[in-house]
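These figures come from a predicted structure and were not determined experimentally.
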Amino acid sequence: MRALAIALCALLAACAGQQTLSPVQTGNDICTAYEGALQVLGTLRASGDLSDAQADRVNEIRAFATPMCTGTPPTDEASLDALQQTLDELLLMQMEAQKNG
């Protein structure tokens, strides 16, 4: 639950502050929230609360987002938007799994 709270806080900070944060800070915030979401989803998978289809989708997202968040996060608007969309999807999946679990 703590990781969920951290991920949600980072997400809210990224969303609320995208107009005032630098692209570097926005990228860092999204990637930090992404990492937290992956940790929670891993725990949910281990406890059986994440379906095979959801786990497959997480792996697809990881293949896309992990390289972008390894090292220096991207700063261009298109990449930041794509990362934010994948983070949103992970967080929704996480909330659904926790609700059903």
OG1 of T26 to CG of L21: how many Å apart, nearest 0.5 Å? 4.5 Å
Side-chain donor-acceptor distances from residues 62-72 under 3.5 Å, at least two apart:
| unit_1 | atom_1 | unit_2 | atom_2 | d |
| --- | --- | --- | --- | --- |
| R62 | NH1 | N59 | OD1 | 3.2 |
| T66 | OG1 | Y34 | OH | 2.6 |
| T66 | OG1 | R62 | O | 3.1 |
| T70 | OG1 | T66 | O | 2.6 |

Is the backbone of Q39 close enough, under 3.5 Å, to the side chain of T43 for a donor and an acceptor to pair up by distance? yes
Quick check for you: to the nearest 0.5 Å, what is the distance between I61 atom CD1 and Q54 atom CD? 10.5 Å
Are side-chain N/O atoms of D29 and T32 paired as donor and acceptor at under 3.5 Å? no
If you measure from OG1 on T20 to CD on Q25, what distance do you get to the nearest 0.5 Å? 10.0 Å
Check against side-chain contact (heavy atoms from CB on, under 4.5 Å), D49 and N100: CA-CA 7 Å; D49 293 324; N100 295 331; over 6 Å; no
Please determine whether a side-chain nitrogen of the Lys or Arg among R57 and D52 lies less than 4.0 Å from a carboxylate oxygen of the Asp or Glu. no
In chain order, what residues pass the side-chain contact (heavy atoms from CB on, under 4.5 Å) check against Q85, with sequence neighbours excluded? none
dist I30:CD1 -> E35:CD (nearest 0.5 Å) comes out at 12.5 Å
L80 side chain near P23 side chain, heavy-atom distance below 4.5 Å: yes
Please confirm whether the backbone N or O of L83 pairs with a side-chain atom of T86, one donor and one acceptor, at under 3.5 Å? yes
Give, for atom CD of E89 and atom CD of Q84, the distance between the pair rounded to the nearest 0.5 Å. 12.5 Å
For residues Q94 and L91, determine if any side-chain heavy atom of one lies less than 4.5 Å from a side-chain heavy atom of the other. yes
Is it the case that over 12 heavy atoms from other parts of the model lie below 6.0 angstrom from the CD atom of E77? no
M93 and L44, any side-chain heavy atoms less than 4.5 Å apart: no
